[in-house]
A.B. asks: 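Before we start, here is the structure in question, set down as structure tokens.
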There are 2 protein chains.
Amino acid sequence: MPSPSPSPSSSPPPSPAGSRPLRADARRSIAAILDAGIHVLAVRPDASMADIAAAAGVGRVTVYAHFSSRADLLRAVVARAITEGDVVLAQVDLSGDPRAALERLILASWEQIARIGAVAAAAAGVLEAEEVRRLHAAPAARVEALLARGRELGVFREDLPAAWLVSVLHQLMQGAAVEVAAGRLEAAQAAPAISASVLAVWTCAR
Amino acid sequence: MPSPSPSPSSSPPPSPAGSRPLRADARRSIAAILDAGIHVLAVRPDASMADIAAAAGVGRVTVYAHFSSRADLLRAVVARAITEGDVVLAQVDLSGDPRAALERLILASWEQIARIGAVAAAAAGVLEAEEVRRLHAAPAARVEALLARGRELGVFREDLPAAWLVSVLHQLMQGAAVEVAAGRLEAAQAAPAISASVLAVWTCAR
DNA sequence: CTCTTCTCGTACAGTGGTGTTCGAGTTAGA
DNA sequence: TCTAACTCGAACACCACTGTACGAGAAGAG
């Protein structure tokens, strides 16, 4: 028994849609694999199927019983990670002063990035670019909407492409995660630093 | 003959230091391998030794005749790429208004990032973190010095860690390279966007 | 309790990379 | 021209990983 317990799954495992409902132990296995996948891949994006199976406390063959290939598992892990994160992000209050809303959104997003870590990076190497794009669509739309609203109010700058401003946000969060992982930045300082930096880029034209 | 000519090397290949000087064809091979390494790894960071050998127009065994392992080659490629870039960066005028100096430095750095691309990313996966750090020391020192000077003049903000401000510069440049490669940002727009963004972060406190 | 589903160890084939050895052929350099 | 240095293809051992097959056994569902 390589791992004592794969951490209890918070959300119920996905139902198999078409066919007969899965047996309870199968649903438990899937949840454990997905959980382990998020945790292991966040630390080591090139982890093997055996690594993930071991972390889930499950046989390697059992993983293949539920996911036909490594890419298939990766897709499922990323989808679940993003979905979970998106649920949290959906609760962020984006009304009121766009600057304050941006700060709230960044704070919540940072917590998700810190949790998910490099899972997206793992996916980038295996999944199609378009596929990754589609999975990120929901969180990205939220940011874009906030940017657009702030621009209408004259709060956010208009002299740089919107896509660039959005990507600055992503880059600084991902970059902060790297800095924290490397020990060059205190975890507690990360969110304020990201907030101050993104706010500066989005609001300080000239 | 997979590649017609591995592009003429601008700088002379490194001398073998201790032992007898290498024969001319050996020096040519090493230069071709290093050149090919930069170009191939910039596009595909996980390229194999065979890929690099083919791009260099050289047998795979010949690569091993000069570099004992993949990590060894990677180290040499990164060292050369950074050294070449650093020569260019050393010519940038960093005197005068720190803001203008920063813009000049960013413009020159961006050209190097665009050229070297993902070579550093390739190294990150294989080389020790400390080793990568040491290789980046020279370019990083230049940025840090400029930041320090600007701070003394009251031009650059002091309310965020210097290390963070430096990393923002790196992140936005690397991020811009990704955006350009993905076709989400025009290459011509990259440098102005980076400049404006970094300047905003470095100067716009509050 | 019984049938069905699922687990899981072992074993296997296949793939794609690394690094080495050998020997024949080529090339630089004195 | 002669020799030492270098190239290079082929072949090899080795390793880590992926994905498949089989069969015994455990566990859920009714």
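Predicted model only: the values in this text are computed from it and were never measured. Below, each value reflects all heavy atoms present in this structure, side chains not excepted, and no hydrogens, waters or symmetry copies. Throughout, protein chains are lettered first and strands after them, A, B, ... in sequence-line order, and every chain is numbered starting at 1.
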A.B. asks: Assess the side chains of A:Trp110 and A:Ser195: does a donor N or O sit below 3.5 Å from an acceptor N or O?
C.D. replies: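 No pair is found: no donor N or O on one side chain lies under 3.5 Å from an acceptor on the other.
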A.B. asks: Atom CD1 of B:Ile33 and atom P of D:dC6: how far apart are they, to the nearest Å?
C.D. replies: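 Taking atom P of D:dC6 as the reference, CD1 of B:Ile33 is at 13 Å.
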A.B. asks: Of the candidate nucleotides C:dG29, C:dG19, C:dT7, which contains the atom at the shortest distance from the side chain of A:Ser29?
C.D. replies: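 Within the option list, the nearest is C:dT7.
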A.B. asks: For the pair made of CD1 in A:Ile30 and P in C:dC8, what is the distance, rounded to whole Å?
C.D. replies: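 Distance, rounded to whole Å: 13 Å.
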A.B. asks: Side chain of B:Leu22, heavy atoms from C-beta onward: which of C:dG19, D:dC6, C:dT7 has the nearest atom to it?
C.D. replies: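 Nucleotide nearest to B:Leu22's side chain: D:dC6.
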A.B. asks: Salt bridge or not between B:Arg99 and B:Glu103? Use side-chain N to carboxylate O under 4.0 Å.
C.D. replies: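 Salt bridge flag = no for B:Glu103 with B:Arg99.
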A.B. asks: Given that A:Ser68 and B:Gly59 both sit by DNA chain D, which one's nearest nucleotide is further toward the 5' end?
C.D. replies: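 Its nearest nucleotide lies further toward 5', so the answer is B:Gly59.
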A.B. asks: To the side chain of B:Val61, which of D:dT18, C:dT20, D:dT7 is closest?
C.D. replies: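 Among the listed nucleotides, the one closest to the side chain of B:Val61 is C:dT20.
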A.B. asks: Rounded off to whole Å, could you give me the OH-to-P distance for the A:Tyr64 and C:dT10 pair?
C.D. replies: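 So the two atoms are 18 Å apart, to the nearest Å.
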A.B. asks: Using whole Å, what does the distance between atom C1' of nucleotide C:dC8 and atom CG of A:Asp25 come to?
C.D. replies: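 Computing the A:Asp25:CG to C:dC8:C1' distance gives 12 Å.
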A.B. asks: Figure out the CZ/P separation between A:Arg27 and D:dG28, and round it to whole Å.
C.D. replies: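 It is 11 Å, rounded to the nearest whole Å.
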A.B. asks: Can you identify which nucleotide, out of D:dT7, C:dG17, C:dA28, has its nearest atom closest to the B:Ser48 side chain?
C.D. replies: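 Within the option list, the nearest is C:dG17.
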A.B. asks: Checking contacts here: which listed nucleotide (D:dA11, D:dT20, C:dC6) is nearest the side-chain heavy atoms of B:Arg60?
C.D. replies: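 Minimum distance to the B:Arg60 side chain belongs to D:dA11.
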A.B. asks: Does this structure show an ion pair linking A:Arg133 with A:Glu128, if we count only N-O contacts that are shorter than 4.0 Å?
C.D. replies: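 Result for this pair is no, no salt bridge flagged.
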A.B. asks: A:His66 has an atom NE2; how far is it from atom C1' of D:dG19, in whole Å?
C.D. replies: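 These atoms are roughly 16 Å apart.
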A.B. asks: For the residue pair A:Ser69 and A:Asp72, confirm or rule out a side-chain donor-acceptor distance under 3.5 Å.
C.D. replies: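 Looking only at side-chain atoms, A:Asp72 and A:Ser69 do not form any donor-acceptor pair under 3.5 Å.
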A.B. asks: Out of C:dT18, D:dG28, C:dG29, which has the shortest distance to the side chain of B:Ala24?
C.D. replies: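 The answer is C:dG29, which lies nearest to the side chain.
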A.B. asks: Separation of B:Asp46 atom CG from D:dC17 atom P, in whole Å?
C.D. replies: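 So the two atoms are 16 Å apart, to the nearest Å.
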A.B. asks: Between B:Arg115 and B:Glu111 (salt bridge meaning N to carboxylate O under 4.0 Å), is one present in this structure?
C.D. replies: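 Looking at B:Arg115 and B:Glu111, the cut-off is not met.
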A.B. asks: The side chain of A:Thr62 is closest to which nucleotide in this list: D:dT7, C:dT7, C:dA28?
C.D. replies: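 The answer is C:dT7, which lies nearest to the side chain.
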A.B. asks: Take atom CZ of B:Arg28 and atom P of D:dA5, then tell me their distance rounded to the nearest Å.
C.D. replies: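 Nearest whole value for this atom pair: 17 Å.
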A.B. asks: If you look at every strand shown and take non-hydrogen atoms under 4.0 Å, does B:Arg23 touch a base, only sugar-phosphate, or nothing?
C.D. replies: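 Contact class for B:Arg23: base.
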